[in-house]
Chemist: 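One structure, as structure tokens, below. Some questions next.
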Protein chains: 2
Amino acid sequence: MTTIQRVADLAGVSTATVSRSLAGKSSVSPATKERVEAAAKELGYVVSSAASSLASGRTRNIGFILPDLDSWFFMAVLKGAQRMLADAGYDVTLYHLPAANGLDVDEPGTARRARLFDEILRRQRCDALIAVNLELDEREREALRELGRCLVGLGGPVHGVHSLGLDDTAVAYDATTHLLSLGHTAIAHITGDAEFERDFAMPATRRAGYESALAEAGIESDPLLVRTADFTIAGAYEATKQLLADPHVHPTAVFAASDEMAIGAILAARDLGLSVPEDLSVMGVDGHDLADFFGLTTIDQYPEQQGQRVAELVLSELAGEGVEAVVERLPYALVQRSSTSIAPPLHSPITP
Amino acid sequence: MTTIQRVADLAGVSTATVSRSLAGKSSVSPATKERVEAAAKELGYVVSSAASSLASGRTRNIGFILPDLDSWFFMAVLKGAQRMLADAGYDVTLYHLPAANGLDVDEPGTARRARLFDEILRRQRCDALIAVNLELDEREREALRELGRCLVGLGGPVHGVHSLGLDDTAVAYDATTHLLSLGHTAIAHITGDAEFERDFAMPATRRAGYESALAEAGIESDPLLVRTADFTIAGAYEATKQLLADPHVHPTAVFAASDEMAIGAILAARDLGLSVPEDLSVMGVDGHDLADFFGLTTIDQYPEQQGQRVAELVLSELAGEGVEAVVERLPYALVQRSSTSIAPPLHSPITP
DNA sequence: CAGCACCTTGTAAGCGTTTACATTGAGGAG
DNA sequence: CTCCTCAATGTAAACGCTTACAAGGTGCTG
């Protein structure tokens with residue numbers, strides 16, 4: 001182990017000067033700094049993060065808490081954040097927060113969740129926490145507050161904390177309005193099931209946006225046109241099949257709450273012999289890698305940039321720059337591709 | 001901050017005893033242990049990881065190095081590993097290792113890569129490293145060796161290091177043999193481009209397995225039947241379209257090197273008006289979440305279990321149990337679904 | 001030329017644990 | 001009863017760095 005003492009000896013200065021030098025503090029003469037750097041390089045010296053953390057109270061590590069490791073969206077966000085943080089010299093430690101489904105308190109997921117708040121995060125391994133899409137109960141919120149760490153939420157409106165998020169109502173409103181402007185009136189909505197997704201207010205919010213756009217257009221919203229599924233291709237595929245097979249409704253457009261769901265909808269339509277967009281327009285939300293491939297019209301929310309942005313925010317807060325905005329709305333944009341077009345003349349899409 | 005001293009005071013013992021107690025060392029009387037635990041709980045004491053690391057040299061943190069954050073496969077592996085490690089009390093820190101494409105040395109990716117080896121990993125933040133699918137050059141290998149940390153590779157055969165991996169030749173051989181056994185003789189192969197994927201020996205290995213199976217069946221392999229693309233749905237989609245449009249070849253089956261590629265192949269076939277499996281059998285490798293949805297016959301390599309397994313290995317090595325196997329072959333299994341069936345009578349699939 | 005301000009550097013006191021070693025006391029063997 | 005062993009605990013020295021504070025110089029001002 002090459003310690004700071006060795007570097008100090010080689011450079012002929014004290015360890016304090018080495019520390020200051022390497023930390024880029026101003027009060028070191030250029031000549032000394034150069035000598036120190038040369039010595040450090042020669043010895044291949046790198047600070048020990050444990051010692052540094054213990055002495056300074058800073059870890060140069062950011063915790064990234066997310067509800068799922070196998071969702072495309074979260075990974076895109078993580079990617080953006082990781083890159084920015086790494087470039088700033090921060091490591092990223094991953095914490096998986098299983099949904100607390102509230103049903104079964106003794107269930108392992110709940111125990112894991114409690115453990116995260118009671119032990120893991122309290123080990124002081126992180127300077128700051130980024131929490132994606134999570135809704136906390138009061139006890140958990142309190143636990144985080146006690147940590148006294150910088151905490152910023154992305155997506156889920158973490159109460160009383162800096163957070164970034166889409167204006168989900170506006171997003172859904174805009175998407176629906178796009179379909180309305182194409183002449184669609186029977187617009188279905190595929191979204192997540194609010195019951196199951198306790199950690200996740202988004203489905204309800206998006207649905208509200210969808211309904212308000214309809215209302216504004218003077219269209220009464222039909223509960224039969226709203227279907228729920230989990231946020232997967234397969235889930236939406238099933239939901240869409242059922243929707244399209246239902247003789248009581250004849251949607252000419254589907255607004256899905258995520259791109260993966262929208263892809264499921266497209267595949268379902270195809271398998272029922274419907275053409276997209278001739279028989280059915282489909283749009284999603286996200287800006288998924290595959291959106292282009294499927295020609296999917298979508299509301300792009302630039303997930304990778306979201307990650308970057310949240311990282312920036314954390315970095316500037318750590319740098320002591322007072323960040324005022326407690327809630328920041330993220331940008332989004334409608335990207336028009338080939339999965340939406342003007343409404344076909346009214347007919348039952350199942351029997352062309 | 002509630003320190004160990006406070007706990008010691010409250011329990012009426014020395015800090016040494018508290019430390020021993022909480023670490024579960026044997027030489028503490030049950031009565032004392034109980035008192036210490038009660039005190040710790042009352043004060044909500046949790047050890048400071050920095051102090052503990054500095055004193056003990058152990059970090060309780062594992063580094064997970066991977067070439068990509070947006071590949072389904074890596075995330076599945078990560079998920080399995082993260083869960084197992086978290087349950088063992090370890091945190092997981094993510095390191096992104098951009099491919100060193102060798103072309104442009106000054107390119108930022110290369111700089112980032114160098115930095116990872118020269119600085120980041122040397123900060124001693126991890127007790128062990130798990131490296132997924134990466135090929136190192138000599139300098140990098142040396143850098144890792146110098147770390148003196150436990151290192152295990154998954155996938156990419158990290159030279160001279162414990163590693164887990166599929167027998168890619170056997171996998172491809174078995175897949176191809178499956179198609180042969182269904183009567184196919186014109187079997188195409190969609191795989192990664194070995195040139196571009198410098199960090200990735202797998203495409204070549206799988207291709208070898210594919211060819212050896214053909215050879216064993218007395219079939220001469222036709223270079224026109226082998227197409228390359230990046231490992232994405234979209235890439236394979238294009239490659240498959242070109243393959244199927246090529247008048248010189250008439251494949252009745254496609255073996256794709258990954259499930260995502262296989263899905264691309266299925267979608268391409270559909271878009272050309274071919275039915276899967278009637279006109280074209282398709283199979284992949286991985287065990288993708290979506291394989292079931294697409295009825296994809298595949299060789300499941302249980303990525304999540306791979307993550308668990310690699311985590312287990314690391315944990316037992318850290319526990320000091322001498323692990324002997326330097327290379328461990330991972331299990332896999334053919335899962336037959338509806339995307340493969342017996343070969344159709346010979347004809348050009350493009351003009352039925 | 002004294003006095004002052006400021007820049008650079010060194011000194012040394014932590015930071016909160018772990019752990020080698022010393023100490024104490026109890027129980028068992030002889 | 002003495003001596004030895006061993007279990008349980010305490011003492012105190014690291015662990016490798018950061019940083020408040022002190023000290024020494026330099027150059028300027030008046």
Side-chain angles (χ1 to χ4, degrees), chain A residues 1-37 39-40 43-61 89 119 122-127 147-148 318 320, chain B residues 1-37 39-40 43-61 89 119 122-127 147-148 318 320:
Chain A
M1 250 264 67
T2 123
T3 68
I4 199 176
Q5 183 63 60
R6 287 248 255 286
V7 179
D9 292 348
L10 180 56
V13 295
S14 71
T15 61
T17 300
V18 176
S19 177
R20 282 188 287 248
S21 234
L22 266 27
K25 307 263 184 179
S26 48
S27 60
V28 177
S29 78
T32 309
K33 184 162 183 175
E34 201 174 324
R35 241 177 331 131
V36 168
E37 271 162 5
L43 297 176
Y45 170 76
V46 173
V47 313
S48 145
S49 63
S52 176
S53 301
L54 182 56
S56 71
R58 273 169 272 109
T59 64
R60 304 231 122 217
N61 189 47
E119 293 179 36
R122 305 185 57 202
R123 294 204 267 250
Q124 311 176 73
R125 208 193 275 291
C126 307
D127 288 337
L147 280 186
L318 286 178
Chain B
M1 249 263 67
T2 123
T3 68
I4 200 175
Q5 183 64 60
R6 288 248 255 287
V7 179
D9 292 348
L10 180 56
V13 296
S14 71
T15 62
T17 300
V18 175
S19 178
R20 281 188 288 249
S21 234
L22 264 27
K25 307 264 182 178
S26 48
S27 58
V28 177
S29 77
T32 309
K33 183 162 184 174
E34 201 173 326
R35 240 175 334 129
V36 168
E37 272 162 4
L43 298 175
Y45 170 76
V46 172
V47 314
S48 145
S49 64
S52 176
S53 300
L54 181 57
S56 71
R58 274 169 272 110
T59 64
R60 304 231 122 219
N61 188 45
E119 293 178 36
R122 304 185 57 202
R123 294 205 267 250
Q124 311 176 72
R125 209 193 274 291
C126 308
D127 289 336
L147 280 186
L318 286 178

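Letters A, B, ... mirror the listed sequences (proteins, then strands); counts begin at 1.
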Chemist: For A:Arg125, is there any backbone N or O sitting under 3.5 Å from a side-chain donor or acceptor partner on A:Asn61?
Modeler: yes
Chemist: side-chain contact (heavy atoms from CB on, under 4.5 Å) for B:Val47 and B:Ile4? Distances and angles first, verdict last.
Modeler: CA-CA 7 Å; B:Val47 314; B:Ile4 200 175; over 6 Å; no
Chemist: Using side-chain contact (heavy atoms from CB on, under 4.5 Å), reason through A:Lys33 and A:Leu22 one step at a time and then give a plain yes or no.
Modeler: CA-CA 8 Å; A:Lys33 184 162 183 175; A:Leu22 266 27; over 6 Å; no
Chemist: Whole Å only: how far is the CD atom of A:Glu34 from the C1' atom of C:dT8?
Modeler: 17 Å
Chemist: Assign a letter to each nucleotide of nucleotides 10-19 of chain C from its 5' end: B, base within under 4.0 Å of a protein heavy atom; S, sugar-phosphate only; -, no contact.
Modeler: BB--BBBBBB
Chemist: Quick one: salt bridge (charged side-chain N to carboxylate O under 4.0 Å, His left out) partners of B:Glu34, sequence neighbours excluded?
Modeler: none
Chemist: Just the atom pairs and distances: protein N or O near nucleotides 23-27 of chain C's N or O, under 3.5 Å.
Modeler:
none

Chemist: CZ/B:Arg6 to OG1/B:Thr15 distance, rounded to the nearest 0.5 angstrom?
Modeler: 14.5 Å
Chemist: Would B:Val13 and B:Val36 satisfy side-chain contact (heavy atoms from CB on, under 4.5 Å), going step by step from the backbone distance to the final call?
Modeler: CA-CA 8 Å; B:Val13 296; B:Val36 168; 4.1 Å; yes
Chemist: So does B:Arg60 get a backbone contact from the side chain of B:Asp127, meaning a donor-acceptor N/O pair under 3.5 Å?
Modeler: yes
Chemist: Will you find, in the side chains of A:Ser52 and A:Ser49, an N or O donor that is under 3.5 Å from an N or O acceptor?
Modeler: no
Chemist: How many whole angstroms separate atom CG of A:Leu22 from atom P of D:dT19?
Modeler: 13 Å
Chemist: Within the pair B:Thr32 and D:dT9, is there a side-chain N or O less than 4.0 Å away from OP1 or OP2?
Modeler: yes
